[in-house]
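Quick caveat, the model's predicted, so the values are computed rather than measured. Any value given below was found using the heavy atoms of this structure, including those in side chains, with hydrogens, waters and symmetry copies removed. In what follows, chains are A, B, ... by sequence order, proteins preceding strands, each numbered from 1.
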4 protein chains.
Amino acid sequence: MATAPPKRKTGPRDAERTRRAILEAALVEFSEKGHAAARIDAVAEAAGISKPMIYSYFGDKDALYAAALREAYVQIRAGEKELQLGDLAPVEAVRSLVHFTFDHFRQKPWFISMLNTENLLGGQTIQSIADVGDIQSNMISELRRVLDHGVRDGVFRDGIDPVELYITIASLCYFPISNRHTLRAVFKVPVDDAWVEARKRAVSDMVLSDLRPCAKREGDDV
Amino acid sequence: MATAPPKRKTGPRDAERTRRAILEAALVEFSEKGHAAARIDAVAEAAGISKPMIYSYFGDKDALYAAALREAYVQIRAGEKELQLGDLAPVEAVRSLVHFTFDHFRQKPWFISMLNTENLLGGQTIQSIADVGDIQSNMISELRRVLDHGVRDGVFRDGIDPVELYITIASLCYFPISNRHTLRAVFKVPVDDAWVEARKRAVSDMVLSDLRPCAKREGDDV
Amino acid sequence: MATAPPKRKTGPRDAERTRRAILEAALVEFSEKGHAAARIDAVAEAAGISKPMIYSYFGDKDALYAAALREAYVQIRAGEKELQLGDLAPVEAVRSLVHFTFDHFRQKPWFISMLNTENLLGGQTIQSIADVGDIQSNMISELRRVLDHGVRDGVFRDGIDPVELYITIASLCYFPISNRHTLRAVFKVPVDDAWVEARKRAVSDMVLSDLRPCAKREGDDV
Amino acid sequence: MATAPPKRKTGPRDAERTRRAILEAALVEFSEKGHAAARIDAVAEAAGISKPMIYSYFGDKDALYAAALREAYVQIRAGEKELQLGDLAPVEAVRSLVHFTFDHFRQKPWFISMLNTENLLGGQTIQSIADVGDIQSNMISELRRVLDHGVRDGVFRDGIDPVELYITIASLCYFPISNRHTLRAVFKVPVDDAWVEARKRAVSDMVLSDLRPCAKREGDDV
DNA sequence: TATGAATGAGTATTCATTCAT
DNA sequence: AATGAATGAATACTCATTCAT
């Protein structure tokens with residue numbers, strides 16, 4: 001913002017800039033406080049505009065929340081797109097996705113917080129976001145192609161569903177970040193950078209290990 | 001409680017029963033709505049008592065929330081204790097813990113919701129619950145013994161930290177339940193009993209697979 | 001209380017003792033907090049009994065307040081009676097009354113506080129205390145005799161109404177005590193024992209000076 | 001305020017008018033009921049605005065109370081200033097101050113009530129009003145000049161502290177007004193205009209008599 | 001007589017939302 | 001397009017008073 005060209009008094013660009021400012025402030029506010037505890041006043045102040053603007057741009061609190069939630073998904077999708085998974089060797093592609101996911105969860109804490117909040121509310125809002133499925137399907141498609149490639153190369157076992165794989169990845173990346181406060185308090189886990197990085201390595205190892213076409217792998221231990 | 005003398009309809013014993021009623025209603029209310037959206041009125045009504053009783057028994061909303069959070073931990077600990085992990089073969093013990101964890105998350109949804117809520121608040125409350133570490137340390141101790149046993153029996157690899165293992169288990173069990181609403185909406189996952197049961201099996205397989213003392217396991221795929 | 005004879009379990013004396021305990025606690029509570037801010041709970045705790053006892057002994061909060069107000073008057077009357085004004089020379093009697101009044105206001109702060117509170121409420125309660133006039137009339141009668149005596153002795157001027165004199169005395173003794181907090185804050189008056197004692201002397205001098213049969217006294221300065 | 005541009009019906013100037021309306025309503029409410037019994041609802045209704053405005057303009061009940069208390073002092077200072085004591089002969093100046101004080105106490109009953117309330121609370125609030133000393137110091141300065149002038153003219157005795165004199169004046173003016181309800185009930189004083197006016201004369205005579213440089217005045221009667 | 005348990009009726013305070021300019 | 005002013009509807013919390021034993 002500081003490096004932006006000098007602001008013109010009015011015009012179409014200002015509207016978009018205002019919209020962005022509100023959206024980003026809302027994303028922070030909703031993710032830090034949750035839906036109920038988030039304050040429209042706080043969003044207005046953080047965005048540097050007056051409250052009525054928010055209503056004029058977004059409608060009401062719920063609509064603003066929906067926009068913030070969607071923005072969280074848009075951001076992670078944009079990050080995943082930049083990975084260019086198709087250009088990497090399958091094992092590298094998966095490892096890359098795991099690392100990106102873990103890091104994104106860690107560095108953009110509002111994503112996890114928004115998901116937590118939304119799931120607490122029973123997912124009412126996400127259903128109403130029409131294109132949310134499209135947003136993610138790109139990544140799933142790419143992952144499917146990576147898996148196919150890996151099977152063809154003999155480095156992945158067959159029959160893996162990309163969605164299930166993504167859920168495994170997300171599971172392992174999500175919990176240590178989303179629950180870091182309770183982990184620290186209950187298990188005395190030292191949730192610092194070193195621990196988190198170690199955890200990230202362990203997670204990517206585990207995910208890749210699970211993909212390997214090892215004959216004696218599962219279901220033979222009972 | 002089980003050893004208490006038979007409860008009279010009314011009288012001095014009402015105090016304890018009232019306390020329990022409030023606590024259980026609060027656990028449901030806080031977990032369904034989150035901290036900010038939870039209503040003291042709703043707790044009172046669900047508990048079948050008047051609002052002032054809540055203040056008389058618990059102090060204020062925050063204290064009631066803290067009591068509910070603690071109760072969530074007490075409940076899962078009680079369940080884990082009943083597993084008697086020490087009496088089972090190591091592999092069985094781990095599988096049993098995974099299944100219990102998964103099922104508890106699924107069947108007592110307030111546990112996950114309370115953790116989500118608490119982590120959203122930055123873990124302020126859990127830190128103030130003095131004995132929360134003790135509550136879980138039993139389970140960790142037992143898990144450590146199971147791991148040692150498994151290493152001695154040659155069915156588990158060496159050097160596994162019980163806390164890290166538990167975090168892996170919890171990660172894999174937590175996410176599919178806690179994020180079921182967004183998963184359904186975003187990935188069109190059919191989050192029904194069949195899917196959840198399949199997921200549970202996949203998770204326990206994955207956990208056990210990761211424990212196996214396979215020489216060519218990790219770090220050799222880059 | 002510590003030196004009281006061993007308490008019998010029940011009996012007529014206990015009832016009276018309980019009554020006194022409640023009354024004294026109420027006097028303190030009402031005078032320290034005022035009518036609205038006084039808490040029945042606080043009275044019960046200070047009296048060392050349960051709340052229902054207060055209702056059983058006094059009826060309700062207003063009745064308890066009335067009893068406490070009456071008690072404040074009874075106490076000051078008892079003090080005035082002990083002065084035995086009739087046994088003193090007129091000048092001494094007046095000085096004695098001034099000093100007693102000043103000291104009583106200072107040492108039994110609840111009297112002033114109760115009067116403040118009652119006047120804030122518009123004197124609704126004091127009107128309902130049937131015998132409150134009788135309580136004070138003794139003192140006024142004695143003061144009238146002192147004044148007559150003084151006139152006969154030639155030390156007081158004639159035509160002084162005892163009630164007006166008492167109002168003058170009370171005025172001068174009341175304000176420096178009742179308003180000590182605002183005096184300190186607004187005028188930086190050092191409201192300590194030395195100041196208060198000096199004020200007491202000034203007040204008694206002023207009162208006696210005003211009583212003296214000096215020819216060129218009043219009304220000649222306009 | 002008198003010099004402000006003509007007020008438009010609505011618009012930005014409403015803010016100041018609303019503020020005044022709240023402040024005046026608060027002054028009446030707090031003085032009539034005391035701090036604890038005063039109702040924010042009542043203030044809002046009397047001011048003709050909604051409750052949230054009070055919080056927006058003043059913060060909370062305590063801050064509103066503090067503003068009302070300060071306003072009471074500002075009002076009496078403004079009145080004292082108009083007296084122009086410096087332009088009067090010393091005796092007249094003192095008599096004028098006494099009469100003004102007495103009349104102000106009588107006609108603006110909220111001043112006495114606010115002081116009573118504040119002293120009941122132990123003066124906590126007045127201490128936090130930073131400029132309360134300045135508010136009154138003008139009057140004390142003027143009074144000091146009047147006393148000096150009177151000494152020079154030979155109409156006042158020497159060595160009188162203006163603060164002590166003001167306390168004497170205030171004492172004698174305060175009590176008959178502040179305690180009018182209990183005086184009526186206890187001493188059957190007919191607290192009507194006639195009595196009050198007579199009292200006012202008696203008070204100013206007494207104050208001036210005490211100032212006169214009469215050789216045989218005090219301390220010689222014991 | 002005495003009390004722990006319980007509550008109805010309030011009260012200060014907040015916040016999403018709209019109005020008027 | 002933008003905002004300071006305003007509010008209706010809620011919500012946490014309190015307290016005098018009563019009930020049941």
Distance, rounded to the nearest Å, where [X] contributes [atom1] and [N] contributes [atom2]:
{"X": "D:Ile22", "N": "F:dA6", "atom1": "CD1", "atom2": "P", "answer": "8 Å"}
{"X": "B:Phe58", "N": "E:dA6", "atom1": "CZ", "atom2": "C1'", "answer": "15 Å"}
{"X": "D:His35", "N": "E:dT11", "atom1": "NE2", "atom2": "P", "answer": "15 Å"}
{"X": "A:Lys33", "N": "E:dT14", "atom1": "NZ", "atom2": "P", "answer": "14 Å"}

**Q.** From CA spacing to verdict: side-chain contact (heavy atoms from CB on, under 4.5 Å), A:Arg70, A:Val74
**A.** CA-CA 6 Å; A:Arg70 187 176 179 284; A:Val74 167; 3.6 Å; yes
Q: Return the nearest nucleotide to the side chain of B:Met53; candidates are E:dT17, F:dA16, E:dA6.
A: E:dA6
Q. Between E:dT7, F:dT14, F:dA16, which one does the side chain of B:Tyr55 approach most closely?
A. F:dT14
Q) Hey, mind stepping through D:Phe30 and D:Trp110 against side-chain contact (heavy atoms from CB on, under 4.5 Å) and telling me if it holds? A) CA-CA 8 Å; D:Phe30 277 117; D:Trp110 49 82; over 6 Å; no
Closest heavy-atom pair and its distance - [X], [Y]:
{"X": "B:Thr117", "Y": "B:His35", "answer": "CG2-N, 3.5 Å"}
{"X": "A:Ala44", "Y": "A:Ser50", "answer": "CB-C, 4.1 Å"}
{"X": "A:Ile126", "Y": "B:His181", "answer": "CG2-O, 4.3 Å"}

Q: Check the pair C:Ile129, C:Tyr73 against side-chain contact (heavy atoms from CB on, under 4.5 Å), reporting the backbone distance first and the verdict last.
A: CA-CA 11 Å; C:Ile129 300 177; C:Tyr73 275 106; 6.0 Å; no
Q) For D:Tyr57, what residues pass the ring pair (Phe, Tyr, Trp, His ring centres under 6.0 Å) criterion, not counting sequence neighbours? A) none
(Q) Counting only side-chain nitrogens and oxygens, does A:Tyr57 get under 4.0 Å of the OP1 or OP2 atom of F:dA2? (A) yes
(Q) Just N and O in the side chain of D:Thr18: are any of them under 4.0 Å from OP1 or OP2 of F:dA6? (A) yes
Mind listing the N/O atom pairs, protein and nucleotides 9-11 of chain F, below 3.5 Å?
{"from": "F:dT11", "atom 1": "OP1", "to": "B:Arg39", "atom 2": "NE", "distance (Å)": "2.7"}

Q) Counting any heavy atom closer than 4.0 Å, what does B:Ile54 reach on the DNA or RNA strands: base, sugar-phosphate only, or nothing? A) nothing
Q: Test C:Glu16 against C:Arg20 for salt bridge (charged side-chain N to carboxylate O under 4.0 Å, His left out), laying out the working first.
A: CA-CA 6 Å; C:Glu16 186 52 30; C:Arg20 288 291 320 162; 5.5 Å; no
Q: Tell me which of A:Ile49 and B:Asp62 sits closer to the 5' end of DNA chain F, going by the nucleotide each one is nearest to.
A: A:Ile49
**Q.** Pairwise 5' ranking along DNA chain E for D:Asp60 and A:Gly59, keeping only the more 5' one
**A.** D:Asp60
Q | Consecutive-pair stems (3 or more, Watson-Crick or G-U, under 3.5 Å) for DNA chain F | A | E:2-21 with F:2-21
Q: Take B:Tyr65 and B:Leu27 through the test side-chain contact (heavy atoms from CB on, under 4.5 Å) and record every step on the way to the result.
A: CA-CA 8 Å; B:Tyr65 168 77; B:Leu27 187 52; over 6 Å; no
